[in-house]
Each structure stands twice: as C-alpha cells, then as structure tokens.
Trainee: 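Sharing a structure here in structure tokens format.
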Amino acid sequence: MTILPIITAPDPRLKLIAKPVAAVTDEIRRFLDDMLETMYASEGIGLAAVQVGDLRRLVVMDIAQRDGGREPRYFVNPEVVWQSEEENVYLEGCLSLPGQFADVVRPKTVKVKYLDYDGKPQQIDADELLATCIQHEIDHLNGVVFVDHISQVKRDIILRKLKKEKRLAAAD
Ligand code: K1U
Ligand code: ZN
C-alpha cells in the first residue's frame with residue numbers, strides 16, 4: 001500500500017469539485033486502501049480523494065480509531081439526502097490545514113446515501129462526530145474547507161499562518 005502526499009492550504013486544488021464515480025472497480029478499491037493508510041499514517045479520522053489530488057468522489061473515515069480497534073468506512077459518491085434543522089458545533093481540524101482548529105456549525109444529524117466498498121448502495125443516519133466528519137469530507141468533494149464556514153477575519157488569520165508556514169518550509 002502507498003502513503004499519498006496530502007495537499008495543504010492554501011492550494012487551488014482544494015477548491016476543485018470532484019466528479020462522481022461510475023462503478024466501484026478493483027482500481028478504486030486499491031485507491032481507497034491507499035487513502036485509508038494515508039489517513040491512518042496522518043492520524044486523521046477522515047480523508048477525501050481531493051486532499052490527495054484525485055478528483056473522484058471518494059471518502060474514507062474511521063472515527064473509532066482513537067478508542068483502539070480500527071473501524072474503516074468507505075464512501076463512494078456520498079450525498080446528503082436529508083439534514084436536520086437542529087445544529088451542532090464541533091471544533092474541527094483538517095489534515096489539509098495542519099495545526100488549525102475552529103468551531104464549525106453544521107446540521108446535527110444527516111442521512112447520507114453512498115456506494116460502499118463493494119459498490120452496493122447504502123444509506124446511513126449520522127449524528128455526533130460521524131455527522132460532522134461526513135459533512136466535512138463531502139465539503140472537500142465540493143471544493144469547500146472548514147474555514148469557509150467561519151468568519152472572514154478568522155479564516156484570513158488561519159490562511160495567513162498556513163501561507164507563512166509554507167514560505168518558511170520552502171526556504172529551508
Ligand atoms: O478531512 C480531513 O482533513 C480529516 C479531518 C476530519 C475531521 C476532524 C474533525 C472534525 C471534522 C472532520 C481530521 O481527521 S483532522 C485531524 C484529527 O485527527 C482530528 C481532529 C479533531 C478531532 C478528531 C480528530
Ligand atoms: Zn479536511
């Protein structure tokens with residue numbers, strides 16, 4: 001399996017919109033496996049293909065890994081088909097915005113339809129961290145990052161910090 005490089009902000013590739021997948025092939029399953037290994041290696045709980053420069057609507061997640069055992073989840077063409085009016089606030093992070101966190105308000109509960117690892121249609125009712133994380137990952141597929149949900153002032157502070165860190169890293 002391959003650990004893929006993760007794109008970090010600011011980068012125009014994080015603003016691109018991913019395209020639906022026609023069928024879940026062996027090649028896609030191999031790529032999902034690489035995405036999952038990349039996510040585990042980075043100690044994340046989710047990863048969208050856009051974050052590794054691939055414009056397909058693919059997401060991997062494991063919200064259980066901090067409790068010990070692994071419970072990987074694979075979402076192909078995930079789509080929110082219902083969202084609650086009730087909202088929830090969660091302190092979000094992002095592997096593409098390393099070291100940056102902010103409170104994000106999102107629907108508390110969502111129903112998501114998707115294809116699973118075997119290409120079978122599925123639907124889940126998500127709440128708590130699962131709902132937050134799947135919405136965060138679907139945002140990535142639509143060229144949106146969590147700082148797009150916060151005030152412009154806070155967003156500018158975070159993006160300026162990341163830009164400076166990239167400049168300093170490039171000068172090393
Ligand atoms: O998409 C990503 O960049 C992955 C991201 C998922 C996420 C975390 C928290 C809220 C919403 C979405 C991360 O895994 S960030 C890093 C992380 O490991 C983490 C941060 C906060 C809580 C739990 C894990
Ligand atoms: Zn993210």
Side-chain angles (χ1 to χ4, degrees), residues 1-63 65 72-80 90-106 110 112-115 117 129-172:
M1 268 184 265
T2 310
I3 306 289
L4 307 160
I6 296 177
I7 297 168
T8 57
D11 190 306
R13 289 172 292 176
L14 292 172
K15 295 190 185 304
L16 300 175
I17 298 177
K19 293 192 175 65
V21 159
V24 182
T25 60
D26 285 344
E27 186 275 325
I28 285 178
R29 276 186 277 274
R30 277 195 297 275
F31 187 65
L32 287 167
D33 293 342
D34 288 344
M35 285 176 61
L36 194 73
E37 279 314 300
T38 302
M39 184 198 82
Y40 285 137
S42 307
E43 299 190 353
I45 55 170
L47 187 72
V50 169
Q51 294 176 275
V52 290
D54 187 293
L55 287 183
R56 291 180 287 187
R57 298 187 82 82
L58 305 173
V59 165
V60 294
M61 281 173 41
D62 186 343
I63 58 164
Q65 57 170 310
R73 296 172 189 258
Y74 309 87
F75 299 88
V76 175
N77 300 339
E79 195 185 324
V80 173
Y90 197 91
L91 184 68
E92 296 196 16
C94 181
L95 298 176
S96 294
L97 284 78
Q100 306 304 316
F101 299 89
D103 278 334
V104 176
V105 182
R106 297 184 187 272
V110 289
V112 176
K113 71 169 190 180
Y114 62 100
L115 301 178
Y117 193 81
L129 182 56
L130 181 60
T132 296
C133 195
I134 190 62
Q135 291 178 80
H136 176 116
E137 302 308 333
I138 292 173
D139 269 358
H140 276 304
L141 302 180
N142 294 323
V144 173
V145 290
F146 79 81
V147 292
D148 295 324
H149 292 281
I150 64 177
S151 73
Q152 189 170 345
V153 173
K154 288 182 186 163
R155 177 165 61 245
D156 287 350
I157 291 170
I158 287 176
L159 291 175
R160 232 178 284 130
K161 266 192 219 160
L162 290 167
K163 204 171 180 178
K164 186 175 174 189
E165 278 171 22
K166 270 197 174 178
R167 206 175 48 238
L168 293 175
D172 270 351

Trainee: Between S96 and V145, is the side chain to side chain contact (heavy atoms under 4.5 Å, CB included) condition met? List the steps.
Mentor: CA-CA 9 Å; S96 294; V145 290; 5.5 Å; no
Trainee: Does anything in residues 151-166 pair up under side chain to side chain donor-acceptor pair (under 3.5 Å), and if so which pairs, sequence neighbours excluded?
Mentor: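 Not a single pair qualifies under side chain to side chain donor-acceptor pair (under 3.5 Å).
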Trainee: State which residues pass side chain to side chain contact (heavy atoms under 4.5 Å, CB included) with Y114; sequence neighbours excluded, sorted by chain then number.
Mentor: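 Side chain to side chain contact (heavy atoms under 4.5 Å, CB included) check on Y114 returns F75, P78, V112, D116, Q122, I124.
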Trainee: CD1 of I138 to CD1 of I134: how many Å apart, nearest 0.5 Å?
Mentor: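 So the CD1 of I138 and the CD1 of I134 are separated by 4.5 Å.
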Trainee: What's the shortest heavy-atom distance between I3 and A41, and which atoms?
Mentor: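 Taking I3 first and A41 second, the nearest heavy atoms are CD1-CB, 3.7 Å.
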Trainee: Mind checking whether I17 and L141 have side chains closer than 4.5 Å, heavy atoms only?
Mentor: no
Trainee: When Y74 is tested against each of I28, L115, L36, V59 for side-chain contact (heavy atoms from CB on, under 4.5 Å), which residue passes?
Mentor: L36
Trainee: For residues 130-172, which residue pairs qualify under ring pair (Phe, Tyr, Trp, His ring centres under 6.0 Å), counting only residues two or more places apart or in two chains?
Mentor: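 Every ring pair (Phe, Tyr, Trp, His ring centres under 6.0 Å) pair that includes a residue of residues 130-172, provided the two are not neighbours, is H136-H140.
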Trainee: Run the side chain to side chain contact (heavy atoms under 4.5 Å, CB included) test on I158 and I150 for me, step by step, so that the C-alpha distance in whole Å, both residues' side-chain angles and the decisive distance to 0.1 Å come before the verdict.
Mentor: CA-CA 11 Å; I158 287 176; I150 64 177; 4.1 Å; yes
Trainee: Any non-hydrogen side-chain atom of Y90 less than 4.5 Å from a side-chain atom of C133?
Mentor: no
Trainee: Picking from V76, V50, V21, what satisfies side-chain contact (heavy atoms from CB on, under 4.5 Å) with R56?
Mentor: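 Option passing the side-chain contact (heavy atoms from CB on, under 4.5 Å) with R56: V21.
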Trainee: Quick one: salt bridge (charged side-chain N to carboxylate O under 4.0 Å, His left out) partners of R30, sequence neighbours excluded?
Mentor: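 R30 satisfies salt bridge (charged side-chain N to carboxylate O under 4.0 Å, His left out) with no residue once adjacent residues are dropped.
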Trainee: Going by the rule salt bridge (charged side-chain N to carboxylate O under 4.0 Å, His left out), which residues pair with D103 if we only count those two or more places apart in sequence or in a different chain?
Mentor: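 For D103 there are no salt bridge (charged side-chain N to carboxylate O under 4.0 Å, His left out) partners, ignoring immediate neighbours.
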Trainee: Could I get the full list of side chain to side chain donor-acceptor pair (under 3.5 Å) partners for Y117, not counting sequence neighbours?
Mentor: D33
Trainee: Less than 4.5 Å apart, side chain to side chain, heavy atoms only: is that true for V104 and T132?
Mentor: no
Trainee: Return the set of residues passing side chain to side chain contact (heavy atoms under 4.5 Å, CB included) with D34 (not counting sequence neighbours), or none when no residue passes.
Mentor: M1, T2, L4
Trainee: Grab the two heavy atoms, one from M39 and one from I45, that are nearest each other, plus how far apart they are.
Mentor: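 Reported closest heavy-atom pair: SD-C, 3.5 Å.
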Trainee: Which residue pairs satisfy the side chain to side chain donor-acceptor pair (under 3.5 Å) criterion with at least one member in residues 7-19, sequence neighbours excluded?
Mentor: D11-R13
Trainee: Going through the distances and angles, do Q51 and T38 end up as a side chain to side chain contact (heavy atoms under 4.5 Å, CB included)?
Mentor: CA-CA 11 Å; Q51 294 176 275; T38 302; over 6 Å; no
Trainee: Only counting residues at least two apart or in another chain, list the ones meeting salt bridge (charged side-chain N to carboxylate O under 4.0 Å, His left out) with D139.
Mentor: R106
Trainee: Can you name the residues that form a side chain to side chain contact (heavy atoms under 4.5 Å, CB included) with A9, not counting sequence neighbours?
Mentor: L14, L97, L159, L162
Trainee: To the closest 0.5 Å, what do you measure between CG (N142) and CG (L16)?
Mentor: 11.5 Å
Trainee: Tell me every residue that passes side chain to side chain contact (heavy atoms under 4.5 Å, CB included) with A49, counting only those two or more places apart in sequence or in another chain.
Mentor: F31, M35, D54, L58
Trainee: To the nearest 0.5 Å, tell me how far R73 CZ sits from D62 CG.
Mentor: 8.0 Å
Trainee: Can you list the residues that meet the side chain to side chain donor-acceptor pair (under 3.5 Å) rule with D148, with sequence neighbours excluded?
Mentor: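 For D148 there are no side chain to side chain donor-acceptor pair (under 3.5 Å) partners, ignoring immediate neighbours.
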Trainee: State, yes or no, whether a side-chain contact exists between V147 and Q100 at a heavy-atom distance under 4.5 Å.
Mentor: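 With C-beta onward as the side chain, the pair stays apart.
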